[in-house]
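One-based numbering along the sequence shown.
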Amino acid sequence: MNDEKFIEVKNLRKVYENGHEAIKNVSFSVKKGDLVCLLGPSGCGKTTILNMLAGLLSPSSGDILFDGKSVVKTAPKDRQIGYVFQNYALYPHMTVLQNIMFPLTVGKNKKSKQEAEKIAQKYMKLTQITEFANQKPGKLSGGQQQRVAIARALVQEPNILLMDEPLSNLDARLRLKIREEIRSLVKEVGITTLFVTHDQEEALSIGDKIILFNEGLIQQDDLGQNFYLEPNNYFVANFVGNPVIDNFHVQVKGKRIIASDFELSVDDLFRDRFKKELVDGDYVLSVRPENIQPAEDGYVSATIKDVELIGRERILKFDHNGVQARSLVDLETPIKTGDQIKLKMRLDRVFIFTPEGERVY
């Protein structure tokens, strides 16, 4: 058993009959017991990956291994997986108890009614839905239906749990509550879980690690904080982070970094943060709003267009060369709409990308 690579995806591709290449030579691994989030915008390929892991789709090429064994030719029912669908897919004519028992009453591993009910009761207790045992799904709230779907997936005691956008039908407050419950639950059960979402906050809050996709390719496979602190490329830097990152178009000439209304010296940058040499040309300098702050010796001039309150902090919005930028400050900072201020960046926290999105610094 290789716990470090309990799930292993090798050079996976999926090309549909119309020629669309949904997944382009993707490889990654998942540790046993980890909760891993597959993150990315709509259409990036994350659900396609999940469906290939489940056996609902066949890959065009490549391999999928569970615990060291290839499952590409294994039927979905024999892969020992549980799947929680986006729409829950509960049987409306069955009670909650019957829905949860159902996977145990069919197939080659069919159990007696008494045994199936005992196992179902265990997972109903775990997901806190025992009181709804005799109700039909239509009588339940979205959060309660979600718990039923999770319990039904877990009763089979699968080796792997797959969840496809399981919280997208819930309101914002309930999503927060249920995502905490999901993390707690899968950790208590100790089940290896892949969780598909387009919501970066969801992924950052519950994932042991995140695999970020775009256009069928992995952009970064990493711990959550590294997407924020050390993004691989321009796409990652702009996809992860709230408020969104500020992007300044700059030119490098000799030892100078020149924007429309400020200049920096290349020598002021930190040598250990360079990914490759910064040659003359056009770049994008990106900085997160908390790392560009009002300062008397600031070199970025700004007229505050708007001030937005977000809980314990405020966002100062200003225009730079026709594009909106932001500075994140605490509530006590005495700046209001219309103020003209100077801002200064933390140069150990800025990123520099080529026009193609490759990170240079």
Side-chain angles (χ1 to χ4, degrees), residues 35-39 42 46-47 50-51 53-54 56 76-77 80-107 109-199 201-203 205-207:
L35 193 167
V36 173
C37 289
L38 307 185
L39 175 66
S42 296
K46 52 193 188 294
T47 295
L50 211 67
N51 286 335
L53 289 167
L56 303 178
K77 64 183 176 61
Q80 293 186 284
I81 57 156
Y83 203 130
V84 179
F85 294 91
Q86 186 174 349
N87 64 359
Y88 313 146
L90 302 175
Y91 299 113
H93 63 286
M94 293 183 179
T95 65
V96 165
L97 177 60
Q98 289 167 341
N99 262 282
I100 295 168
M101 286 172 59
F102 182 76
L104 303 175
T105 61
V106 295
N109 296 319
K110 182 176 178 180
K111 301 188 183 302
S112 69
K113 185 180 177 185
Q114 291 80 6
E115 190 179 357
E117 186 168 336
K118 185 179 177 183
I119 296 169
Q121 293 283 2
K122 171 186 169 183
Y123 285 100
M124 286 168 63
K125 185 176 180 182
L126 202 59
T127 50
Q128 300 171 12
I129 51 172
T130 304
E131 64 189 283
F132 309 116
N134 297 316
Q135 293 191 29
K136 300 281 177 68
K139 299 283 188 183
L140 306 183
S141 69
Q144 290 158 355
Q145 289 183 31
Q146 178 58 270
R147 291 191 185 97
V148 176
I150 293 169
R152 187 182 60 186
L154 290 175
V155 289
Q156 303 165 75
E157 302 189 328
N159 292 330
I160 295 164
L161 180 63
L162 306 175
M163 308 183 85
D164 187 11
E165 300 268 12
L167 308 182
S168 60
N169 298 326
L170 308 179
D171 65 62
R173 187 175 290 275
L174 190 56
R175 285 179 77 141
L176 286 172
K177 184 174 188 295
I178 299 289
R179 79 188 188 199
E180 289 170 3
E181 288 180 5
I182 287 175
R183 176 159 179 88
S184 174
L185 181 65
V186 299
K187 287 299 175 183
E188 184 176 342
V189 177
I191 187 167
T192 308
T193 303
L194 276 90
F195 183 109
V196 162
T197 180
H198 63 272
D199 186 326
E201 287 187 21
E202 207 160 84
S205 68
I206 69 169

Would you say [X] and [Y] make side-chain contact, with heavy atoms under 4.5 Å?
| X | Y | answer |
| --- | --- | --- |
| K113 | T105 | no |
| V84 | D164 | no |
| K136 | P92 | no |
| V36 | F195 | no |
| E181 | I150 | no |

For [Y], is there any backbone N or O sitting under 3.5 Å from a side-chain donor or acceptor partner on [X]?
| X | Y | value |
| --- | --- | --- |
| Q135 | F132 | no |
| S184 | I182 | no |
| N159 | Q80 | no |

Looking at [X] and [Y], what are the two nearest heavy atoms and their distance?
| X | Y | result |
| --- | --- | --- |
| A120 | I100 | CB-CG2, 3.7 Å |
| K46 | T197 | CE-O, 3.3 Å |
| L140 | Q145 | O-NE2, 3.2 Å |
| R152 | P103 | CG-CG, 3.6 Å |
| I129 | R147 | CG2-CB, 3.6 Å |
| I191 | P158 | CD1-O, 3.4 Å |

Before you tell me yes or no, could you show the steps for E157 and Y123 under side chain to side chain donor-acceptor pair (under 3.5 Å), namely the whole-Å CA-CA distance, both residues' side-chain angles and the distance that decides it to 0.1 Å? CA-CA 10 Å; E157 302 189 328; Y123 285 100; 3.1 Å; yes
Output the distance between atom [atom1] ([X]) and atom [atom2] ([Y]), rounded to the nearest 0.5 Å.
| X | Y | atom1 | atom2 | result |
| --- | --- | --- | --- | --- |
| Q121 | M101 | CD | CE | 9.0 Å |
| I119 | M124 | CD1 | CE | 13.5 Å |
| L162 | L56 | CG | CG | 9.0 Å |
| I206 | M163 | CD1 | CE | 7.5 Å |
| E165 | L50 | CD | CG | 10.0 Å |
| S205 | R183 | OG | CZ | 9.0 Å |

Starting from the C-alpha separation in whole Å, work towards a yes-or-no answer on side-chain contact (heavy atoms from CB on, under 4.5 Å) for C37 and E202. CA-CA 9 Å; C37 289; E202 207 160 84; over 6 Å; no
Determine, stepwise, if the pair Q114 / K118 fulfils side-chain contact (heavy atoms from CB on, under 4.5 Å). CA-CA 6 Å; Q114 291 80 6; K118 185 179 177 183; over 6 Å; no
Note: D199-R175 ion pair, threshold 4.0 Å (strictly below):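 Result for this pair is yes, salt bridge flagged.
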Might you work through the side chain to side chain donor-acceptor pair (under 3.5 Å) test for N134 and T95, ending with a clear yes or no? CA-CA 5 Å; N134 297 316; T95 65; 5.2 Å; no
Please step through side-chain contact (heavy atoms from CB on, under 4.5 Å) for the pair I81 and L53, ending with a clear verdict. CA-CA 9 Å; I81 57 156; L53 289 167; over 6 Å; no
Output, in order, the C-alpha distance, side-chain angles, deciding distance and verdict of side-chain contact (heavy atoms from CB on, under 4.5 Å) for L154 and L185. CA-CA 10 Å; L154 290 175; L185 181 65; 3.8 Å; yes
